[in-house]
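Below you'll find the structure, written out as structure tokens, and then a few comments.
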Amino acid sequence: QVQLVESGGGLVQPGGSLTLSCAASGSTFSGYGPVLGWYRQAPGNQRELVAVITPGGNTNYADSVKGRFTISRDNDKETVYLQMNSLRPEDTAVYYCNIPPPGRWYGDYVSQDFGTWGQGTQVTVSS
């Protein structure tokens, strides 16, 4: 069974940087592996797309993070990363790693049954 484990969250001041990691296990990376995504959810809000990367390295970002966040993957390590720069208070949320359901790449707003999720990691941007 596929498992995703996120790490790297924490408290950071506005303008600061953090790098999130998500390690996959369960034979998910045969060949180039699956589509991998990062989503976030703040209290009272829907779970929203942050960024997604295909096995071949094509990416898509939410408009709110373009130019500030970078998604990347290391297929040998079965890990996906999210480099977050110029963080803002509105980036505060729980960040989740995701493998989408078969036939899907991503969704702008998704429910908890949209594929496989990690346990989430809290990112708090505050002075």
Side-chain angles (χ1 to χ4, degrees):
Q1 185 172 351
V2 173
Q3 285 191 317
L4 300 172
V5 179
E6 302 98 334
S7 61
L11 173 64
V12 63
Q13 292 186 342
S17 298
L18 278 176
T19 300
L20 306 183
S21 300
C22 172
S25 62
S27 300
T28 59
F29 278 65
S30 59
Y32 291 103
V35 173
L36 294 164
W38 286 99
Y39 290 77
R40 65 188 181 187
Q41 188 167 18
N45 290 357
Q46 290 182 273
R47 193 166 295 190
E48 63 178 9
L49 172 74
V50 176
V52 64
I53 186 167
T54 68
N58 292 321
T59 58
N60 191 61
Y61 295 90
D63 288 343
S64 60
V65 306
K66 283 181 180 176
R68 300 188 299 123
F69 291 10
T70 302
I71 189 171
S72 62
R73 62 192 289 160
D74 185 329
N75 291 333
D76 290 336
K77 295 182 179 179
E78 300 189 347
T79 300
V80 61
Y81 305 95
L82 185 69
Q83 174 67 45
M84 304 185 293
N85 298 326
S86 302
L87 282 161
R88 305 167 180 169
E90 54 264 39
D91 294 318
T92 296
V94 178
Y95 283 69
Y96 297 92
C97 182
N98 171 264
I99 295 175
R104 297 291 302 274
W105 183 13
Y106 69 93
D108 291 325
Y109 298 94
V110 299
S111 64
Q112 293 183 28
D113 62 1
F114 187 77
T116 301
W117 298 94
Q119 83 286 354
T121 185
Q122 176 70 46
V123 172
T124 302
V125 185
S126 175
S127 55

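These numbers were taken from a predicted model, which means no experiment stands behind them.
Asp74 contributes a side-chain N or O that, together with a main-chain N or O of Lys77, makes up a donor-acceptor pair within less than 3.5 Å. Within the 3.5 Å criterion, the main-chain N or O of Arg88 finds a donor-acceptor partner in the side chain of Asp91.
Taking the six-membered ring wherever Trp is involved, the centroid distance between the rings of Trp117 and Tyr39 falls below 6.0 Å.
Rounded to the nearest 0.5 Å, atoms CD (Gln83) and OG (Ser72) are 8.5 Å apart. Distance check: Ser126 OG to Leu87 CG gives 12.0 Å after rounding to the nearest 0.5 Å. Interatomic distance, OH of Tyr95 versus CG of Leu18, reported as 9.0 Å (0.5 Å rounding).
Counting only heavy atoms from C-beta outward, the side chains of Val35 and Ile99 never approach each other to under 4.5 Å. Side chains of Phe69 and Leu20 form no contact here, defined as non-hydrogen atoms less than 4.5 Å apart. Looking at Trp38 and Asn98, their side chains never come closer than 4.5 Å, going by heavy atoms from C-beta outward. Gln41 places a side-chain heavy atom less than 4.5 Å from the side chain of Tyr96. Considering only heavy atoms from C-beta on, Pro89 comes within 4.5 Å of Pro14 through its side chain. Looking at Thr19 and Met84, their side chains never come closer than 4.5 Å, going by heavy atoms from C-beta outward. In this structure the side chain of Gln119 reaches within 4.5 angstrom of the side chain of Glu6, judged on heavy atoms.
Taken together through direct or relayed side-chain contacts under 4.5 Å among Ile, Leu, Val, Met, Phe, Trp and Tyr, Val2 and Val80 form part of one hydrophobic cluster. If you chain together hydrophobic residues whose side chains sit under 4.5 Å apart, Val94 and Val50 never meet in one group.
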Determine, stepwise, if the pair Thr92 / Glu90 fulfils side-chain hydrogen bond (donor to acceptor under 3.5 Å, both in side chains). CA-CA 5 Å; Thr92 296; Glu90 54 264 39; over 6 Å; no
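Sorted by first and then second residue, the disulfide (SG to SG under 2.5 Å) pairs involving residues 72-127 (not counting sequence neighbours) are Cys22-Cys97. Sorted by first and then second residue, the disulfide (SG to SG under 2.5 Å) pairs with a member in residues 41-81 form an empty list; sequence neighbours excluded.
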Expected list for residues 100-113: side-chain donor-acceptor pairs under 3.5 angstrom, two or more places apart:
from   : atom 1 : to     : atom 2 : distance (Å)
Tyr106 : OH     : Asn60  : ND2    : 3.3
Ser111 : OG     : Asp113 : OD1    : 2.2

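Considering Val52, Ile53, Ile71 in turn, Ile53 is the only one that fulfils the side-chain contact (heavy atoms from CB on, under 4.5 Å) rule with Leu36.
Shortest non-hydrogen contact noted between Thr79 and Ser21 is CG2-CB, 4.4 Å. The minimum heavy-atom distance between Ser25 and Glu78, with the atom names listed, is CA-OE1, 4.3 Å.
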